[in-house]
Structures are given as C-alpha cells and as structure tokens.
Amino acid sequence: MSLHNQKTKLNIGLFGFGVVGEGLYKVLSQTPGLNAEIKKVCIKHPDKQRNAPGALFTIDAQQLLTDKHLDVIVELIDDADAAYTIVTTALKAGKAVVSANKKMIAAHIGELIDLQQTHSTPFLYEAACCASIPVIRNLEEYYDNDLLQGVSGIVNGSTNYILTRIFEDNLSFKDALALAQHSGFAESDPTLDIEGIDAANKLSILLTHAYGIITPPLSLVYSGINTLHRADACFAKEKGYEIKLVAQAHKLKSGKIAAFVAPQFVQKGSQLATVKNEYNGVTIESSLADKQFFYGKGAGGFPTASAVLSDLSALRYNYRYEYKKLRYQTPSELSDEFYLSVCVSCDDLNRIPLGQFEHITEWSSNPVRSHVSGTLHFSKLAENDWWKQSGISLIVYPESVTEESSVTITDNAIPELAELALR
Ligand code: HSE
C-alpha cells in the first residue's frame with residue numbers, strides 16, 4: 001500500500017504505551033487531519049491501568065509484526081534489545097518504521113541503514129535526538145558537509161533539568177534527579193542520562209547525519225554530570241559561569257572531526273545558558289551562514305510525540321533519510337589531534353596528573369576541592385580514563401577546542417604547581 005496518499009488511512013501498530021506512546025495516542029486521536037490511526041498497541045504489562053480501550057492492547061508482538069493491514073510500526077519502548085528485534089523484523093517485513101530509541105539506533109545504525117536499502121523501507125527517528133527539535137532532518141537536508149563547521153549543544157533534557165534545579169534552586173543532585181524522573185524526562189535507567197551515555201548516543205546519530213560518520217557511541221569520549229561536585233557549581237558561579245552538559249562535533253583544519261560529550265562552563269547570559277529545564281539547544285555552525293541556534297523541548301511525552309507525529313506525516317510524502325554525507329560525499333573521520341581547555345576538579349590536588357597538561361593557566365585548592373585549569377591534548381582523555389575516576393570531574397571551557405598548544409608545564413608561570421607535577 002502506498003503511504004503517500006493523503007486519502008488512504010495510515011494504520012499504525014504501536015509498541016509501548018509509556019509517556020511518549022500515550023502522548024502520541026492522545027495527539028493522534030485529536031488530529032483527524034493526519035488520517036492515521038493506532039490500530040493495535042503491544043505492551044509488556046497487561047494488568048497496568050491505561051487511558052485507552054482494553055481491546056487496543058496485546059502482549060503478542062507478532063500480532064503487529066505479521067498484520068498485513070498495518071503499514072507502519074511505531075516503536076516507543078525503552079528496552080533497546082527488544083526494540084532492535086521489533087525494528088529489524090518490521091523493516092524486513094517491508095513495513096515503514098518510526099522509532100525514538102536512540103540507544104538502539106546509535107548501536108546499530110550501520111545495519112539499520114543497510115536494511116532500509118535492502119528492503120526499500122523507510123525508517124525515521126527524528127524523536128531520537130532532541131525530541132521536538134527537528135535537528136536530524138535539518139542536518140540531513142540543509143547543510144552540506146563541506147560547509148558544516150560544527151554541531152554542538154545540550155541534547156539531554158534530564159541532565160539540563162537537574163543542572164537548572166541545582167543552579168537556580170540550590171536543590172541537591174538527588175532531589176533534582178527525582179524530579180526529572182517524576183516528570184518523565186529521565187530514562188528508566190537514569191544512569192544513561194547522568195553518565196552522559198544518552199548524550200553520546202545522540203551525538204553518534206548526529207555525526208552520521210552531519211558528517212557521514214558511523215561510530216559506536218561508547219567509543220566516543222563522553223562524561224556526564226554525575227561526577228560534578230557542589231564546589232564545581234560554586235567555582236562556576238564565582239567566575240560568572242553555569243555548567244551544562246554539552247555534546248559537540250567540530251571540523252578541524254584537517255577536515256577531520258573533533259567530537260565528545262562533557263560538562264561545559266557556559267557564560268551567564270549566553271545562548272546555551274538560556275536553555276533551562278528539559279529544553280535542549282543546538283548550535284549548527286556553517287562557513288557561510290555562521291551560527292544558527294535551535295531551541296525546544298528535548299524530553300517529555302508531548303514534545304517527543306510531536307517528532308514522531310512529524311515522522312508519520314513525512315511518510316505521507318515518501319520521505320526517507322538518504323544519508324547523503326555517507327552515500328554521496330566522502331564521509332569524514334573522527335580525530336584525536338586537538339587540544340581542549342579544561343578545568344579538572346578533584347578532592348585531592350595530588351590525584352590530578354598535572355604532567356598530562358600542556359599548559360596550566362590557573363589553580364586553586366582548599367580542604368574540600370582543588371581546581372586546575374589548563375590545556376590537555378585530547379588523546380590524554382581518549383587513551384585513559386583517569387579523569388573519570390571517582391572524586392575527579394572534568395569541565396571544558398567555552399570554545400574549548402584548539403588545534404595548537406606550544407606551552408609546556410615546565411614553562412608555566414606557577415612554579416609551585418610545576419614542582420608538584422614533577423614529583
Ligand atoms: N532521557 C532523555 C532526555 C529523553 O532526558 O533527554 C529524551 O531523549
């Protein structure tokens with residue numbers, strides 16, 4: 001059946017009826033213009049009370065996957081392994097698929113691209129990155145790889161919500177996380193959010209659409225907000241900064257790409273600092289247009305459902321990702337050949353490997369926390385995870401990526417610290 005005929009009803013099989021699934025169900029029931037109906041919903045726990053007629057639900061996945069009257073499978077469950085089976089089975093069966101499962105997509109993107117091609121079936125997943133912000137379609141359609149200088153921003157709503165509550169309301173990390181969970185922003189396993197894994201998954205998907213790079217998300221350098229210390233927030237405030245979890249990709253002079261996820265200082269009043277709560281904000285930098293900023297809700301039932309809805313609507317005009325940067329251009333490569341301006345914070349100055357720094361600009365130490373700011377070669381983070389050990393946090397400065405650093409620790413103007421580094 002042709003999906004791109006407005007008059008033909010789109011019959012949907014939905015997997016999952018959580019915050020997003022239910023949001024989609026409600027929105028679709030109120031949007032007759034789309035002429036799309038959820039015919040069956042596959043759920044895991046049949047005894048749970050739900051706001052929809054009981055006849056809609058089944059626990060039998062095959063009922064949806066083998067039903068020839070269902071044109072589209074929408075997968076909105078949080079189990080990435082089960083989602084992989086559902087999505088690949090549906091694509092092989094020739095059904096169009098819409099998913100929001102960033103963990104599953106990031107882990108299998110190469111195979112999923114091949115399946116779409118082999119079975120000539122569309123697979124759309126705008127909701128997987130930044131929920132309501134149409135960043136994937138923008139990167140795919142609008143920006144040429146040659147012109148695209150960078151993509152960076154806040155791509156995880158829960159951590160941004162937690163940081164906002166900590167900075168604005170002085171809430172504890174634990175209370176702020178509980179609120180993020182209660183509001184339905186966090187993953188069911190919130191360590192994915194707070195350890196930066198969800199942001200790494202999203203960055204890996206963005207790298208495919210921005211630069212044609214396919215990379216396992218966990219091979220990216222990433223960290224989250226779980227290692228941040230209350231003293232880091234004070235340090236930031238004293239210097240007129242806030243802290244945000246930022247995923248970034250920048251084109252280097254070599255044409256290769258610098259990419260990582262880390263907490264970042266952002267100047268109060270700057271664009272990223274205005275992104276509060278569960279909102280996301282992404283800056284796309286191109287050599288001709290300079291910087292463009294995309295802002296919107298990055299988590300929650302309705303914002304995510306709005307992206308799913310937009311994908312369903314896109315199926316109507318036969319839209320599919322062409323993976324242009326991968327197929328029609330020479331895909332870029334990731335590189336470790338650059339420097340980062342960072343602040344390393346630790347409970348004990350002796351635990352900071354000062355010898356790893358190229359250049360130290362500032363340090364401070366008190367009985368609670370020590371902070372050392374300077375320049376590190378990125379390979380020092382990629383090769384070894386000393387900076388992820390308990391009690392240590394690493395925060396990057398704004399515009400932290402540089403390609404040159406000539407000053408060494410022994411040249412630095414802080415003799416006392418240089419002495420410590422040589423011990
Ligand atoms: N847990 C995710 C977030 C949900 O907080 O951004 C949206 O992807």
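Note that ligands are numbered from 1 as they come in the structure, with each ligand's atoms numbered from 1 the same way. FYI, the numbering just counts along the sequence from 1. Atom set for the values below is all heavy atoms of this structure, side chains included, hydrogens, waters and symmetry mates excluded.
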Region of Asp193 engaging ligand 1 - heavy atom pairs below 4.0 Å: side chain
Among all protein non-hydrogen atoms, which one is nearest to atom 5 (O) of ligand 1, and what is the separation to 0.1 Å? Ser158 OG, 2.6 Å
List the closest protein heavy-atom neighbour of atom 8 (O) of ligand 1: residue, atom name, distance to the nearest 0.1 Å. Lys102 NZ, 2.6 Å
Please list, in number order, the atoms of ligand 1 under 4.0 Å from a heavy atom of [X].
{"X": "Lys202", "result": "2 (C), 3 (C), 6 (O), 7 (C), 8 (O)"}
{"X": "Glu187", "result": "1 (N), 2 (C), 4 (C)"}
{"X": "Gly298", "result": "6 (O), 7 (C)"}
{"X": "Gly157", "result": "3 (C), 5 (O), 6 (O)"}

Say whether Ser365 and Ser370, considering side chains only, have a donor N or O and an acceptor N or O under 3.5 Å apart. yes
Could you verify whether a donor N or O on one side chain and an acceptor N or O on the other, from Tyr142 and Gln292, lie under 3.5 Å apart? no
Is ligand 1 less than 4.0 angstrom away from at least one heavy atom of Glu278? no
Roughly how far apart are Lys40 NZ and Ile73 CD1, rounded to 0.5 Å? 12.5 Å
Which heavy atom in Asp169 sits nearest to a heavy atom in Arg165, and how many Å separate them? OD2-NE, 2.6 Å
Please verify the inter-ring angle class for Phe235 with His371; under 30° counts as parallel, over 60° as perpendicular, anything in between as tilted. parallel
His209 ring center within less than 6.0 Å of Tyr323 ring center: yes
Considering only heavy atoms, which of Asn156, Leu245, Thr159, Asp78 lies nearest to atom 3 (C) of ligand 1? Asn156
For Tyr222, does the six-membered ring have the charged nitrogen or CZ of Lys388 within the cation-pi criterion, i.e. under 6.0 angstrom from the centroid and within 45° of the normal? yes
Would you say Ala186 and ligand 1 have an N/O pair spaced under 3.5 Å apart? no
